Amino acid sequence: MAYGWNQEKDAEVVLKEYLHGEEPRAITKEFKMIQDQNHNCTKNTLSFVISPTVKDGKRLDREQLRDITKCFLKEMDLKERQAIAFVHKDKEHNHIHLYVNRIDFKGQAYNDSFIGKRSQHAAERVAQQLKLTTVKQVQFEKAFNLKEIRSEIKRRHDLTMKQFKPRGFDDYLKSMKTNGVEVIPVINKQNKLQGFRFEFSGHNLKGSEVHRNMSIGNIAEQIASRPRAEFHISAKTKEATVKLLGKTIGLTPNTTLRIAKAVVKKVVDLGMSI
């Protein structure tokens, strides 16, 4: 409760039910007076965080935040109990910290079975009743936006392959940057290239998250199938290496195999054409 009242977070009381104290210690004592009626219950203070979206949180005043809290208590069947709620405004995302006495005035403990899932459903119902943005709406918007981002990264990858025809990973990184996508190599402790991450429009995604054809193996195979590809496979170790960002980097066995297959196919195709 002291955290909820933290003045460093611009805490402001938005609701106080059946309480008279003006500071955390006094409120805790009032809670304990009721809690002493039930000796079987040990975890007897319920704590919730109610988070409107950033957009909703900016426009909600103290009275509206109070209404949200009261509505949530009703949906959780927690009315007629000691409760106190604070809004924290220290960050862009305003949110409410709510503390409720689990023990009612008859000494009965609130049933907290599946309380996490129940509180999620209650918050959804509150948002719908008060015409606020629901979690499902936010998730849908994020999923839709992510789909658009993935499609755009893949489009720029295809454009890079067609337009610049990179002969190696260094070429590929530079060409993708020209097309507005930052490609970040993922190198393990054995100094082997494991894959790429793609940064675009505030998103950072693994190649496989962008598209199934944008794994490190698929990209290596696309490049290796071109004339004068800059990959080197050692005859002794049978490992492939590449020049990347001024360093010589090893490739995993799977990627090496994909490159070897692409090279063999390229040679066979050339022989057939001759």
Side-chain angles (χ1 to χ4, degrees), residues 1-35 38 41-105 108-143 145-146 202:
M1 200 175 295
Y3 176 81
W5 216 309
N6 190 344
Q7 293 305 304
E8 291 181 5
K9 298 188 176 292
D10 294 335
E12 180 185 0
V13 177
V14 293
L15 177 130
K16 192 159 71 170
E17 298 278 271
Y18 306 106
L19 296 166
H20 300 284
E22 295 296 334
E23 48 90 23
R25 188 177 299 177
I27 299 293
T28 302
K29 282 184 178 180
E30 290 185 57
F31 266 49
K32 193 172 185 309
M33 287 174 61
I34 302 300
Q35 291 164 353
N38 188 314
C41 186
T42 53
K43 297 179 179 179
N44 42 31
T45 298
L46 301 170
S47 173
F48 304 94
V49 178
I50 305 170
S51 297
T53 63
V54 174
K55 186 177 179 180
D56 285 341
K58 285 180 178 179
R59 65 177 178 80
L60 295 169
D61 58 25
R62 186 175 181 276
E63 197 63 35
Q64 289 170 312
L65 292 168
R66 182 174 181 272
D67 290 342
I68 289 171
T69 310
K70 287 179 75 71
C71 193
F72 179 80
L73 288 171
K74 180 182 177 183
E75 289 295 328
M76 289 294 291
D77 197 21
L78 282 168
K79 291 182 69 180
E80 309 303 323
R81 290 172 187 266
Q82 291 174 315
I84 188 164
F86 313 86
V87 61
H88 283 183
K89 299 180 178 178
D90 60 317
K91 296 180 180 178
E92 184 183 23
H93 193 178
N94 292 345
H95 54 279
I96 302 163
H97 287 267
L98 170 64
Y99 302 89
V100 186
N101 198 335
R102 187 178 172 188
I103 310 302
D104 66 15
F105 294 113
Q108 298 296 312
Y110 179 78
N111 182 359
D112 65 351
S113 301
F114 309 107
I115 194 166
K117 184 61 69 176
R118 284 162 49 205
S119 63
Q120 287 178 22
H121 292 321
E124 284 283 334
R125 292 193 295 272
V126 169
Q128 289 169 357
Q129 290 171 33
L130 301 180
K131 294 187 170 46
L132 301 171
T133 307
T134 67
V135 173
K136 287 180 181 177
Q137 286 173 302
V138 173
Q139 290 172 340
F140 175 79
E141 288 174 10
K142 282 184 177 179
N145 290 338
L146 186 58

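Along the sequence shown, residues are numbered consecutively beginning with 1. Keep in mind it's a predicted model, so treat the numbers as computed, not measured.
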(request) Go through Val126 and Ile50 one step at a time and tell me if the side chain to side chain contact (heavy atoms under 4.5 Å, CB included) criterion holds. (result) CA-CA 10 Å; Val126 169; Ile50 305 170; over 6 Å; no
(request) Anything under 30° is parallel, anything over 60° is perpendicular, the rest tilted; go ahead and classify His88 against His97. (result)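 Ring orientation of His88 relative to His97: tilted.
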(request) Begin from the C-alpha positions of Leu132 and Ile68 and carry the test side chain to side chain contact (heavy atoms under 4.5 Å, CB included) through to its verdict. (result) CA-CA 10 Å; Leu132 301 171; Ile68 289 171; 3.7 Å; yes
Mark yes or no for whether [X], through its side chain, and [Y], through its backbone, hold a donor-acceptor pair below 3.5 Å.
X: Arg102; Y: Lys43; value: yes
X: Gln64; Y: Asp61; value: yes
X: Arg81; Y: Glu17; value: no
X: Asn38; Y: Cys41; value: yes
X: Lys16; Y: Glu22; value: no
X: Glu30; Y: His20; value: yes
X: Asn101; Y: Phe31; value: yes

Is the shortest heavy-atom distance from the side chain of [X] to the side chain of [Y] under 4.5 Å?
X: Leu78; Y: Phe48; value: yes
X: Lys74; Y: Lys70; value: no
X: Ile34; Y: Asn44; value: no

Can you measure from [atom1] ([X]) to [atom2] ([Y]) and round to the nearest 0.5 angstrom?
X: Leu60; Y: Arg66; atom1: CG; atom2: CZ; result: 15.0 Å
X: Ser113; Y: Arg118; atom1: OG; atom2: CZ; result: 7.0 Å
X: Leu65; Y: His95; atom1: CG; atom2: NE2; result: 11.5 Å
X: Thr69; Y: Ile84; atom1: OG1; atom2: CD1; result: 11.0 Å
X: Gln82; Y: Ile103; atom1: CD; atom2: CD1; result: 10.5 Å
X: Asp77; Y: Asn111; atom1: CG; atom2: CG; result: 10.5 Å

(request) Could you tell me whether Tyr18 and Phe105 have their ring centroids closer than 6.0 angstrom? (result)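 Aromatic pair counts; centres sit under 6.0 Å.
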(message) So which atom in Val100 and which in Ala83 form the shortest heavy-atom distance, rounded to 0.1 Å?
(response)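 Looking at all heavy atoms of both residues, the shortest contact is CG2-CB, 4.1 Å.
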(request) Would you name the heavy atoms of Phe72 and Ser119 that are closest together and state the gap between them? (result)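 For Phe72 versus Ser119, the nearest heavy atoms are CE1-O, 3.7 Å.
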(request) Might you confirm whether atom CZ of Arg25 has over 12 heavy atoms from other residues, nucleotides or ligands at distances under 6.0 Å? (result)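 Atom CZ in Arg25 is not crowded, with 12 or fewer foreign heavy atoms closer than 6.0 Å.
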(message) Tell me every residue that passes side chain to side chain donor-acceptor pair (under 3.5 Å) with Gln108, counting only those two or more places apart in sequence or in another chain.
(response)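 Gln108 satisfies side chain to side chain donor-acceptor pair (under 3.5 Å) with no residue once adjacent residues are dropped.
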(message) Applying side chain to side chain contact (heavy atoms under 4.5 Å, CB included) to Ile115 and Tyr110, what does each step give before you reach the verdict?
(response) CA-CA 10 Å; Ile115 194 166; Tyr110 179 78; 4.0 Å; yes
